[in-house]
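Below is one structure, written out as structure tokens, with a few remarks after it.
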2 protein chains.
Amino acid sequence: MTPQAQRDILKKHGLKVTAQRLAILDYLITHETHPTAEMIHQDLPMISLATIYNTLERLVAAEIIIVIDSLSDGKRHFDYYGQPHYHIVNTQTNAIIDAENFDVAPLLAAARQASGLNITGFHIEVYGVNPEDAR
Amino acid sequence: MTPQAQRDILKKHGLKVTAQRLAILDYLITHETHPTAEMIHQDLPMISLATIYNTLERLVAAEIIIVIDSLSDGKRHFDYYGQPHYHIVNTQTNAIIDAENFDVAPLLAAARQASGLNITGFHIEVYGVNPEDAR
DNA sequence: CCCTCTTTTAGAATTATTCTAATCTAGTTA
DNA sequence: TAACTAGATTAGAATAATTCTAAAAGAGGG
């Protein structure tokens, strides 16, 4: 993805383009590590931690990225959400795989039917362990 | 559910039966409010907050209850998991509906295929808003 | 190139959760 | 039933992720 395309992502969502926002968005797009705010700050130390938190909050509100709050480390992780996908979490290692091999339309239809709400998004995590390790 | 059945739930998972654990488990079984530790403590003030946190941790490890970490209030919520189900969250009110009208087997099969892991659990949240409120 | 409103920032403040280490008790054993 | 012991409970202190504050800087429209 070109730098210009990244600027366009911010503009499309009505966010002002700043060097900090571009750096954080680029970091999220180019890393598949599902980082925490602190991890981003480690790698982009010239950006203040407050700005990293502020920017992540804005990117989540714009639905450009999503939050993963369920790892057992007690920290909030973030994930660029270019393509809708779900997460497979290895609960032994906290490694996260992004997967797309599942059609969510039936789930969303069921949720609409059960609740009467207008469905705006979803978040799916499937947990697993290494098959070597009996369980 | 009888008190004896609740004792049996604890025993089945190798947990010692204590008055505190019975009270907290009963609270979770009989309330559909998806409470936080603090909410439980409000209603069971004779149990120390430390014990409430400890007990919830044990119940989660035993997979008797599950954690909901994704509400926008920044607090951890808990849910008795007698029947596997998924959550529909009204993002305007943080209300949570427990729903079962969806077969997760295809999702779990897809996850196994994508990851090679032995699947041990899942967590699905679908987000929605009141259809009255255009969006 | 201004001007205004938004963003960034360092550091303080907050607060949910975890830790500590002393006491108590469930459940087993004799 | 009494004694024992590993595990559970507790109050309060400690931790640490996140949010807040208010002052300085910058984006982008005109």
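Quick note: numbers below take in every heavy atom, side chains included, and nothing from hydrogens, waters or symmetry partners. Order of the sequence lines sets the chain letters (A, B, ...), proteins ahead of strands, with each chain counted from 1.
- Residue-level contact check: R7(B) touches neither bases nor backbone, having no heavy atom under 4.0 Å from any strand.
- In this model, the phosphate group of dT9(D) is approached by a side-chain N or O of T18(B) to a distance below 4.0 Å at OP1 or OP2.
- A donor-acceptor pair under 3.5 Å is formed between the side chain of H77(A) and the backbone N or O of H34(A).
- The CZ-C1' distance, from R76(A) to dT17(C), rounds to 14 Å in whole Å.
- Along DNA chain C, the nucleotide closest to R58(A) and the one closest to S48(A) are compared, and the more 5′ of them pairs with R58(A).
- Rounded to an integer number of Å, the gap from NZ of K11(B) to C1' of dG27(C) is 10 Å.
- Contact of the Y127(B) side chain with the H123(A) side chain is registered, since non-hydrogen atoms from C-beta on lie closer than 4.5 Å.
- The side chain of Y53(A) has dT18(D) as its nearest neighbour among dT18(D), dT9(C), dA16(C).
- Residues H87(B) and D98(B) are in side-chain contact: their nearest non-hydrogen atoms beyond the backbone lie under 4.5 Å apart.
- Atom CG of L56(A) is separated from atom P of dT18(D) by 10 Å (rounded to the nearest Å).
- By the 6.0 Å contact criterion, CD on Q92(A) is enclosed, its count of non-hydrogen atoms from other residues, nucleotides or ligands being greater than 12.
- The side chain of I47(A) sits closest to dT9(C) out of dT19(D), dT9(C), dT10(D).
- Residue Q20(B) has a polar side-chain atom (N or O) positioned under 4.0 Å from OP1 or OP2 of dT10(D).
- Following rounding to the nearest Å, L15(A) (CG) and dT6(C) (P) show an atom-to-atom distance of 13 Å.
- T51(B) comes within 4.0 angstrom of a base, heavy atoms only.
- Distance NE2 (H77(A)) to P (dT18(D)): 9 Å, rounded to an integer number of Å.
- Comparing dA11(D), dC20(D), dT7(C) against the side chain of A50(A) picks out dC20(D) as the nearest.
- Of the listed nucleotides (dG27(C), dA17(D), dT8(C)), dG27(C) has the atom at the smallest distance from the side chain of V17(B).
- Atom CE of M39(B) is separated from atom C1' of dT15(C) by 17 Å (rounded to the nearest Å).
- Across the protein-nucleic acid pair, E57(A) atom CD and dT18(D) atom P stand 12 Å apart, rounded to whole Å.
- With contacts defined as side-chain heavy-atom distances shorter than 4.5 Å, the pair L107(A)/I124(A) qualifies.
- Using a 4.0 Å cut-off, some side-chain N or O of R21(A) falls inside it from OP1 or OP2 of dT7(C).
- Using a 4.0 Å heavy-atom criterion, one finds that K16(A) contacts the bases of the nucleic acid, with or without backbone contacts as well.
- With rounding to whole Å, N54(B) atom CG is found 12 Å from dA11(D) atom P.
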